Amino acid sequence: MAASEHPNGPARREPPPKRVRSRQERRDLWYPYILIAPTMITLVIVGLVPFTFAIFISFHEMTYLNMGGFAGVDNYSKLLGDSRFWHSLLISFIFVAIAVPIEFALGLVGALVLSQFVRLRSFVIPALFIPTMMAPIVVALAWKIMLAGSWGLLSYNVLERFGILDETSAFASPDLALFALIFVDIWEWTPFMTLAFFAGIQSLPANPYRAAVVDGANALQRFFRLTLPMMTPLFAVIGLLRLIDAFKVFDTIFLLTGGGPGTATESVSVLGYKLVFEFWEIGRASALAVVVWILFFIFCNVFYQIAQKKLKAF
């Protein structure tokens with residue numbers, strides 16, 4: 001019987017029998033997890049396990065790969081009390097604060113220009129891949145020659161002509177070395193931003209623009225009322241990825257200046273390298289990695305909340 005009479009009340013319905021999943025349904029349920037399992041296992045092995053070990057090392061005394069006793073927060077207190085760490089953090093922030101906005105603006109302008117000139121795309125788009133595809137060592141050597149003192153193509157013909165430099169490389173000047181590195185980063189990554197924004201513009205629906213033209217909206221109004229709001233999710237994702245990548249830049253700085261002259265271009269990544277391979281302070285270097293991760297975690301969470309609530313990007 002589907003229902004039974006209760007002596008003190010109305011009929012009570014029996015619960016339906018539990019449905020047993022077939023073998024095919026169970027297989028379909030686990031199939032997505034099986035597909036992503038190799039990637040997740042790889043990420044755990046090459047990412048989570050080393051980082052967990054780095055956290056463990058940061059609480060111990062370790063030099064020259066010899067594990068010492070438990071140090072508590074001594075490595076963190078030494079790191080946070082070191083003016084060199086705060087200087088490297090400032091260098092990284094300056095690098096990001098100047099390079100990324102310029103790359104973002106130039107990339108957006110380039111994408112808008114590229115979307116208007118159809119005839120140039122077959123030539124410009126392949127050319128834009130060249131700087132981003134070049135190996136860091138090639139980029140460093142090219143700009144080392146371009147900005148070399150007294151005979152570099154740009155140093156001799158531009159900087160010395162205007163009295164900015166005098167028979168020295170831009171990378172050897174304490175006042176210009178950081179800005180020279182920022183210039184190289186802008187040259188390398190602006191084409192990537194242009195291509196990413198161009199792809200986003202090409203994927204926008206055409207109907208809102210047609211309706212806006214019918215309503216009499218000009219190009220500037222269409223850009224601010226349609227293009228920017230619809231491109232906001234892409235802006236948020238590309239901007240966040242570029243901010244993270246620019247903050248941890250190492251290869252360009254290490255190959256061109258090595259953090260010098262002095263500590264004028266010593267970013268957090270370069271300082272971490274020196275702590276490990278020059279000073280052999282493994283414990284303090286691990287503490288540096290943990291502190292930078294905490295900063296990134298806080299920043300990414302704040303960025304996500306703002307992008308989600310204010311910009312509706314996620």
Side-chain angles (χ1 to χ4, degrees), residues 92 94-148 152-155 157-159 170-171 176 178-206 209 219-220 222-224 226-257 265 267 269 303 307 311 313:
S92 296
I94 293 174
F95 189 93
V96 171
I98 297 177
V100 175
I102 294 177
E103 293 166 3
F104 197 96
L106 293 179
L108 182 58
V109 172
L112 293 172
V113 173
L114 195 60
S115 64
Q116 299 298 322
F117 296 94
V118 181
R119 295 181 181 180
L120 298 177
R121 292 179 190 173
S122 59
F123 170 77
V124 174
I125 291 179
L128 289 175
F129 283 103
I130 296 175
T132 306
M133 290 173 58
M134 293 173 65
I137 183 65
V138 178
V139 174
L141 287 175
W143 284 104
K144 194 89 169 181
I145 295 172
M146 295 282 284
L147 295 175
L153 182 62
L154 290 181
S155 295
N157 293 294
V158 179
L159 299 181
F171 301 114
L176 297 178
L178 181 59
F179 297 102
L181 291 172
I182 293 172
F183 174 79
V184 173
D185 191 79
I186 292 172
W187 176 86
E188 183 178 6
W189 288 105
T190 296
F192 168 78
M193 305 287 275
T194 301
L195 291 172
F197 293 152
F198 173 71
I201 291 174
Q202 294 300 303
S203 65
L204 296 178
Y209 290 93
L220 200 60
R222 295 196 299 270
F223 174 74
F224 283 103
L226 294 176
T227 304
L228 284 183
M230 289 191 291
M231 290 276 289
T232 299
L234 180 63
F235 290 157
V237 173
I238 296 297
L240 180 60
L241 293 177
R242 189 69 201 105
L243 282 169
I244 295 174
D245 188 62
F247 187 86
K248 62 181 184 179
V249 63
F250 170 79
D251 42 24
T252 305
I253 298 177
F254 182 77
L255 292 169
L256 288 173
T257 65
T265 60
S267 65
S269 300
F303 184 91
L311 303 178

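Sequential numbering from 1 along the given sequence is applied to the chain's residues. Remember, it's a predicted structure, so these values are computed and weren't measured experimentally.
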Donor-acceptor pairs under 3.5 angstrom involving side-chain atoms of residues 124-145: please list them, not counting sequence neighbours.
from	atom 1	to	atom 2	distance (Å)
Thr132	OG1	Glu188	O	3.2
Lys144	NZ	Leu256	O	2.8

If you look only at distance, which donor and acceptor atoms sit under 3.5 Å apart when one is on a side chain in residues 234-250 and the other is two or more places apart or in another chain?
from	atom 1	to	atom 2	distance (Å)
Arg242	NE	Glu103	OE1	2.8
Arg242	NH1	Asp245	OD2	2.8
Arg242	NH2	Asp185	OD1	3.2
Arg242	NH2	Asp185	OD2	2.8

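The structure places OG1 of Thr257 at 5.0 Å from CG of Leu181, a figure rounded to the nearest 0.5 Å. Atom CG of Leu106 is separated from atom OG1 of Thr190 by 5.0 Å, given to the nearest 0.5 angstrom. Atom CD1 of Ile186 sits about 11.0 Å away from atom CE of Met193, to the nearest 0.5 Å. Atoms CE and CH2, on Met146 and Trp187 in that order, are 8.5 Å from each other to the nearest 0.5 Å. From Phe171, atom CZ reaches atom CG of Leu176 across 10.5 Å, with rounding to the nearest 0.5 Å. Taken from CD1 in Ile201 to CG in Leu114, the straight-line distance is 8.5 Å, to the nearest 0.5 Å.
Partners of Ser92 under the side-chain hydrogen bond (donor to acceptor under 3.5 Å, both in side chains) rule, at least two apart in sequence or in another chain, do not exist in this structure. Annotation: side-chain contact (heavy atoms from CB on, under 4.5 Å) contacts of Phe223 (sequence neighbours excluded): Leu108, Leu112, Thr227, Leu228. In this structure Thr194 satisfies the side-chain hydrogen bond (donor to acceptor under 3.5 Å, both in side chains) test with no other residue, sequence neighbours excluded. Under the side-chain contact (heavy atoms from CB on, under 4.5 Å) criterion, Gln202 pairs with Ser115, Arg121, Phe198, sequence neighbours left out.
Side-chain contact between Met231 and Leu204 is present, with at least one heavy-atom pair separated by less than 4.5 Å.
Summarising the geometry of Thr265 relative to Leu178, their closest heavy-atom pair is CG2-N, 3.6 Å, with the distance given to 0.1 Å.
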